[in-house]
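In this text, all values refer to a predicted model and were calculated from it rather than measured experimentally. Reminder, nothing fancy here: chain letters follow the sequence lines and each chain counts from 1.
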Number of protein chains: 2
Amino acid sequence: MAQKPASKQAASRKPNMREAILAAAEELFSINGFTAVSVRDIALAAGANPGSVTYHFKTKDGLLLEIYRRHCGPMNHRRFELLEAARRVRDLQDRLEAIVRAYVVPAFTSGSDLAGGGARFTRLRAVMSAEGNEVVRKIIAQTFDDTSHAFIDAIHESLPHIPRDEIVWRGHFLLGALYYTLVTPERVSRLSRGGADGSDAGNAIEQLVRATVASMQAPPLDQPEPANKRGRHVHADHSRA
Amino acid sequence: MAQKPASKQAASRKPNMREAILAAAEELFSINGFTAVSVRDIALAAGANPGSVTYHFKTKDGLLLEIYRRHCGPMNHRRFELLEAARRVRDLQDRLEAIVRAYVVPAFTSGSDLAGGGARFTRLRAVMSAEGNEVVRKIIAQTFDDTSHAFIDAIHESLPHIPRDEIVWRGHFLLGALYYTLVTPERVSRLSRGGADGSDAGNAIEQLVRATVASMQAPPLDQPEPANKRGRHVHADHSRA
DNA sequence: CCATCTTTTGTACATATGTACAAATGATCA
DNA sequence: TGATCATTTGTACATATGTACAAAAGATGG
């Protein structure tokens with residue numbers, strides 16, 4: 001019978017080994033990938049015994065699965081909250097920016113109560129997607145496609161003259177840029193010769209939002225390039241689709 | 001090229017095992033990452049003996065190194081060729097697009113004479129950067145930073161009113177989008193419900209160029225979207241932090 | 001033909017890996 | 001307290017890994 005409140009449910013104060021293992025695994029996976037990190041590495045970093053990992057999560061895959069289970073819910077919940085708020089913005093351009101921001105911000109900040117948990121988990125997802133992890137592929141398709149579709153549709157509503165497929169492409173580029181920024185932030189610092197800090201999440205968010213909003217507003221491909229393109233090409237009224 | 005059936009040794013005119021090993025390793029690394037692929041996997045895929053890999057490349061790292069050495073030269077050479085041609089385009093907007101295209105196209109098509117060699121090598125670089133491979137990190141910084149700076153400067157010349165650091169950010173986003181498209185093309189197909197094919201390199205290039213040109217032209221952050229300058233942008237907020 | 005160099009093969013070895021499992025330890029409550 | 005459960009520890013095992021190395025096979029030039 002489940003009559004122990006201090007076991008798994010409440011009890012915010014408890015030096016739980018299970019949590020330490022999860023945190024250590026998340027950190028190591030997000031830096032070195034799944035296959036490159038051994039169960040022993042994780043146990044060592046968590047100050048635990050290798051057998052303890054098997055006890056709590058059965059397999060290494062189970063550990064990865066639990067990391068996803070822990071983060072996906074809160075992150076997507078936060079995204080939907082922000083998306084609902086963004087939908088209520090009246091000005092079309094402001095709304096588009098709010099939608100993009102609603103997608104980007106939780107990837108950097110949301111997640112559990114751990115500091116930097118959101119960015120770490122997103123970096124983990126980036127690394128896993130590059131690694132082609134099979135365990136993760138299912139979770140991604142199951143958990144994130146709903147969110148993606150919701151954002152694509154919302155953006156499409158504020159940019160009706162752009163075909164949905166092109167919004168899919170540009171949203172895809174957004175995710176790639178997001179991932180890459182979290183995976184290799186030092187590249188920004190290096191190429192800007194110290195002028196910009198790739199690890200500054202606040203700046204990264206603003207740059208990413210600004211660039212993405214502009215890319216979303218680009219004229220679609222099937223629309224022939226306007227003759228006087230040096231000027232305004234954001235709002236095109238003669239849409240054929 | 002090779003019309004012999006799926007046998008490993010019979011009928012060998014000049015099999016050039018070294019090339020077969022390189023090709024197999026490149027393919028496997030670009031899909032599964034470096035650590036996840038064993039020397040025996042590579043040897044099996046190449047129809048070679050594991051010891052042959054050691055003979056030709058000494059270590060597994062040496063094999064990866066040779067893959068990079070083989071592709072970096074031609075790819076960056078092609079990029080510089082296209083960049084020089086792009087610089088001569090008179091119209092500023094056309095020039096910007098030509099520059100972006102000069103960066104993107106070789107990533108998909110250039111490389112050796114092998115079909116799809118360029119895209120495969122770029123996908124390999126994407127996977128390696130996500131894996132944080134130490135062997136690769138040096139080559140990247142040494143070989144690609146020159147190219148990146150050249151393109152950043154060229155773009156900056158055609159967009160002088162945008163701070164260089166912001167161009168660095170947007171170029172960084174471009175590379176992330178490029179990588180992610182090569183790593184996970186099926187995501188585009190899935191989210192567009194079959195309307196777009198993420199594996200269609202031609203379409204991917206056009207979408208990427210169009211989106212990137214627009215993102216590059218976005219007003220800089222310190223300049224909160226003036227309505228009088230270029231492109232019609234409805235005023236955005238400056239309240240968010 | 002032989003001699004010499006290059007390449008391939010087979011095998012071996014030390015170590016790393018995921019995971020199973022029993023014993024030891026710790027916590028909880030009648 | 002002692003009994004029962006949860007957790008941790010230590011160890012073991014089968015397999016996978018990178019790489020070294022010697023023998024075999026093949027090519028090359030005289």
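- Rounded to whole angstrom, the span from the CG atom of A:L28 across to the P atom of C:dG18 amounts to 12 Å.
- As judged by a 4.0 angstrom heavy-atom cut-off over every strand, A:S52 is placed among the base-contacting residues.
- The side-chain heavy atoms of A:Y55 and A:N49, taken from C-beta on, include no pair separated by under 4.5 Å.
- Phosphate contact (OP1/OP2 of D:dG10, side-chain N/O of A:N49, threshold under 4.0 Å): present.
- Spacing between atom CG of A:L63 and atom P of C:dT19 amounts to 10 Å, rounded to whole angstrom units.
- Checking side-chain atoms of A:S215 against main-chain N and O of B:S215 turns up no donor-acceptor pair under 3.5 Å.
- Residue B:E19 contributes atom CD, which lies 12 Å from atom P of C:dT8 at whole-angstrom precision.
- Put simply, A:T54 has no side-chain N or O that comes within less than 4.0 Å of OP1 or OP2 on C:dT19.
- A salt bridge is defined here as a Lys NZ or Arg NE, NH1 or NH2 lying under 4.0 Å from an Asp or Glu carboxylate O, and B:E19 with B:R70 meets this definition.
- Look at CG on A:N16: it is 17 Å from P on C:dG26, rounded to the nearest Å.
- Proximity of B:Y55 to the phosphate of C:dT7: a side-chain N or O atom is located under 4.0 Å from OP1 or OP2.
- The side-chain tip of B:R187 does not point at the ring of A:F144 from less than 6.0 angstrom away and within 45° of straight on.
- A:D41 and A:S38 share a donor-acceptor pair across their side chains, judged by distance under 3.5 Å alone.
- With rounding to whole Å, B:F57 atom CZ is found 15 Å from C:dT6 atom C1'.
- In this model, the phosphate group of C:dT8 is approached by a side-chain N or O of B:H56 to a distance below 4.0 Å at OP1 or OP2.
- Computed from coordinates, the B:L64 CG to D:dT19 P distance equals 12 Å when rounded to whole Å.
- Proximity of a side-chain donor or acceptor of A:E131 to a complementary backbone N or O of A:F34 within less than 3.5 Å is detected.
- Place A:R40 and A:G51 on DNA chain D by their nearest nucleotides, and A:G51 ends up nearer the 5' end.
- In this structure, B:K58 places its NZ atom 15 Å from C1' of C:dT6, rounding to the nearest Å.
- Remark on the helix from C:dC1-D:dG30 to C:dA30-D:dT1: inter-end axis angle 0°, axes from five-pair C1' superpositions, rounded to 10°.
- When the P atom of D:dG18 is taken as reference, atom CG of B:L44 falls 14 Å away, rounded to whole Å.
- Between B:Y68 and B:L65 there is no side-chain heavy-atom pair separated by less than 4.5 Å.
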